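Contents: one structure, followed by commentary.
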Amino acid sequence: MISNQDSIIQVSAPGKIILFGEHAVVLEKTAIASALSLRTTVTFTPNTNNTLLLDFPDLPGFGIREWSLDEFKKLDHFPNDVDLLKPIECNELFQKELNKIIDIKGIHTFLFLFCALTKCNKAYNIKITSDLPIGAGLGSSASFCVSICAGLLKAFDTYICGGCKQCVDNGIVIDQQKQQQQFCDEQLNLINLWSLQGEKIMHGTPSGIDNAVATFGKALTFTRKNGYKILDKGIPPLRILITNTKVSRSTKTLVEGVIQRSKLFPTLIDPVSNLIDTISTQCIESFNQYHTDKDNDKLQQTMDLMFDMNQHLLSGCYGVGHSSIDTIVSITKSLGFHTKLTGAGGGGCVITLLKQDTTLDQLSSLKSTLSSNGFESWEATIGDPGVLINIFPIQK
């Protein structure tokens, strides 16, 4: 059997949207997140140059960079004694050393995960491409971290399950047929925990919801108290249009603003948070009902109403709206669709609930109107698979 270290490994992981519950989740309420059909793909190709070559065309101004592996090994705080089955945070001193090599936080994440998981004992050319816009609240950094961790753990045959058949055989391409099987639950948990360490470099104290969605896929609920729970029945076949406002914002500032508003006006904000929690609960009930009766019209009407309610509560009561979001809500409403912000708000991305019978002409008209107002949009499905892997033998 060909060693994974002598094969080309290609891994992909999905982005995410928050359907309901953003910001309320910080106030101990329930959020519902779903995996997107938009994915990040990372390709690992061994090289014989004793180097790490990183090709990241979607990162503006980055291009292709190459480093000698010895450059990392000689760093004073290189993670040499890491137990791969026990994920650890990046040492702050090691991060400072990485900063002297390259001053890009996202690349610090990549380099930490690479050094910790490989000990720089194997040279690779690594290419990262993504359907996801960077910094728009769609979980691009988490899908990136999950793909890196899954690929490197696979490359070094590191399995917390001991190497069950599902994990060992996962991704092997036979007769050009790609295998779309996931890892076992134990291995997925390991991937999830390692990717969270990468997310901490990027975001400080992430909730963990983004990397959980990118790892496990489908849809899940999340609370700060109980963590995440995967919706085993999956999610109904909803069609979503994602629109990027192209307005940058600080997630940290927006979250802190909601927390501060809640502390100053608890009697006003607590009922809002409770209502958002009810919307999340009703969403799950609506999904369960759909799995029983397959009533698309009823589901559509309920989701349309909850999109409108959640959007008004987030924008009007939590104060995380933006004029660009209002414009998109107005445009889509004029064409018969319902829209809400997803994630932090204040710009970023919004999601529009399409109808099952929305025609290509109707969709084209909607996207054209949004484009003429300076916005960029993509159709996506939700409830998609989590991290997936394929392994190809190197052609001699």
Side-chain angles (χ1 to χ4, degrees), residues 2-11 13 40-130 134 141 144-160 190-191 193-202 389 391-396:
I2 298 175
S3 166
N4 288 330
Q5 292 190 42
D6 297 318
S7 303
I8 296 173
I9 297 176
Q10 189 172 78
V11 187
T40 294
T41 300
V42 180
T43 305
F44 304 81
T45 304
N47 73 49
T48 57
N49 303 325
N50 195 42
T51 61
L52 168 61
L53 183 148
L54 179 59
D55 182 0
F56 202 165
D58 297 318
L59 185 62
F62 185 81
I64 299 175
R65 308 284 178 96
E66 188 170 14
W67 302 273
S68 166
L69 295 182
D70 294 331
E71 185 174 356
F72 303 116
K73 287 182 177 181
K74 70 183 181 182
L75 296 175
D76 291 338
H77 298 91
F78 181 81
N80 220 355
D81 55 353
V82 176
D83 182 345
L84 299 189
L85 302 183
K86 297 178 181 179
I88 61 164
E89 293 184 21
C90 180
N91 183 309
E92 288 185 12
L93 296 175
F94 183 60
Q95 191 174 339
K96 288 180 180 179
E97 291 172 338
L98 292 177
N99 191 60
K100 294 178 181 178
I101 295 174
I102 184 167
D103 186 17
I104 303 175
K105 187 173 288 188
I107 305 304
H108 295 169
T109 299
F110 166 77
L111 292 175
F112 162 67
L113 292 173
F114 182 85
C115 291
L117 293 171
T118 71
K119 309 292 193 301
C120 288
N121 288 330
K122 181 69 177 178
Y124 280 99
N125 297 344
I126 298 177
K127 183 171 184 177
I128 302 170
T129 59
S130 186
I134 295 173
S141 66
F144 157 80
C145 288
V146 168
S147 298
I148 293 293
C149 295
L152 293 176
L153 289 169
K154 179 69 173 179
F156 285 81
D157 295 307
T158 303
Y159 305 113
I160 196 168
L190 180 64
I191 293 167
L193 289 173
W194 265 117
S195 62
L196 178 61
Q197 310 316 314
E199 283 282 88
K200 288 177 181 177
I201 297 175
M202 293 288 291
I389 189 166
I391 301 173
F392 304 88
I394 296 175
Q395 300 299 321
K396 302 295 184 179

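Each residue takes its place number in the sequence, starting with 1. In this text the structure is predicted, and so the values were computed from the model without any measurement.
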Do Asp70 and Asn50 have side chains that approach each other closer than 4.5 Å (heavy atoms only, starting at C-beta)? yes

Would the number of heavy atoms belonging to other residues, nucleotides or ligands and lying under 6.0 Å from NZ of Lys105 be above 12? no

Just do the side chain to side chain contact (heavy atoms under 4.5 Å, CB included) check on Cys115 and Phe78 with the steps written out, would you? CA-CA 7 Å; Cys115 291; Phe78 181 81; 3.7 Å; yes

Rounded to the nearest 0.5 Å, what separates atom CD1 in Ile101 from atom CD in Glu71? 4.5 Å

Is the side chain of Lys73 donor-acceptor paired with the backbone N or O of Asn121 at a distance under 3.5 Å, no angle test? no

I need the minimum non-hydrogen distance between Phe156 and Lys122, along with the two atoms involved. CZ-CB, 3.5 Å

What's the separation between atom OH in Tyr124 and atom OG1 in Thr51, rounded to the nearest 0.5 Å? 12.5 Å

At what distance, to the nearest 0.5 angstrom, does CD1 of Ile126 lie from CD1 of Ile9? 10.0 Å

Assess the residue pair Phe392 and Thr43 against the criterion (side chain to side chain contact (heavy atoms under 4.5 Å, CB included)); give the C-alpha distance rounded to whole Å, side-chain angles, the decisive distance to 0.1 Å, and a yes or no. CA-CA 11 Å; Phe392 304 88; Thr43 305; over 6 Å; no

Could you tell me whether the side chain of Phe110 reaches within less than 4.5 Å of the side chain of Ile104, counting heavy atoms only? no

Any side-chain donor-acceptor pair under 3.5 Å between Ser141 and Glu199? yes

When you compare the side chain of Lys154 with that of Tyr159, does any pair of heavy atoms fall below 4.5 Å? yes

Output all residues satisfying side-chain hydrogen bond (donor to acceptor under 3.5 Å, both in side chains) with Thr109, sequence neighbours left out; order by chain, then residue number. none

Glu66 and Asn49 have their tightest heavy-atom pair at OE2-ND2, 4.4 Å

Looking only at heavy atoms, the pair that brings Ser195 and Cys149 closest together is N-SG, 3.6 Å

Closest heavy-atom pair and its distance - Phe114, Cys120: CE2-SG, 4.1 Å

Note, Leu52 side chain near Leu111 side chain (heavy atom, < 4.5 Å): yes

Within this structure, what is the CG-CG distance for the pair Leu153 and Leu85, rounded to the nearest 0.5 Å? 8.5 Å

Show, in sequence, the C-alpha distance, side-chain angles and deciding distance for Gln197 and Ile88, and conclude whether the side chain to side chain contact (heavy atoms under 4.5 Å, CB included) test is met. CA-CA 7 Å; Gln197 310 316 314; Ile88 61 164; 5.9 Å; no

Counting distance only, does the side-chain N/O of Glu97 pair as donor-acceptor with the main-chain N or O of His77 below 3.5 Å? yes

How long is the gap from OG1 on Thr158 to CH2 on Trp194, to the nearest 0.5 Å? 10.0 Å

Donor-acceptor contact below 3.5 Å, side chain Trp67 vs main chain Leu54: no

Considering all heavy atoms of both residues, which atom of Lys127 and which atom of Thr129 are nearest to each other, and what is their separation? CE-CG2, 3.9 Å

Minimum heavy-atom separation for His108 to Asp103, with atom names? NE2-CA, 4.2 Å

CD1 of Ile107 to CZ of Arg65: how many Å apart, nearest 0.5 Å? 8.0 Å

Using a 4.5 Å cut-off on heavy atoms from C-beta on, say whether the side chain of Thr40 contacts that of Ile128. yes

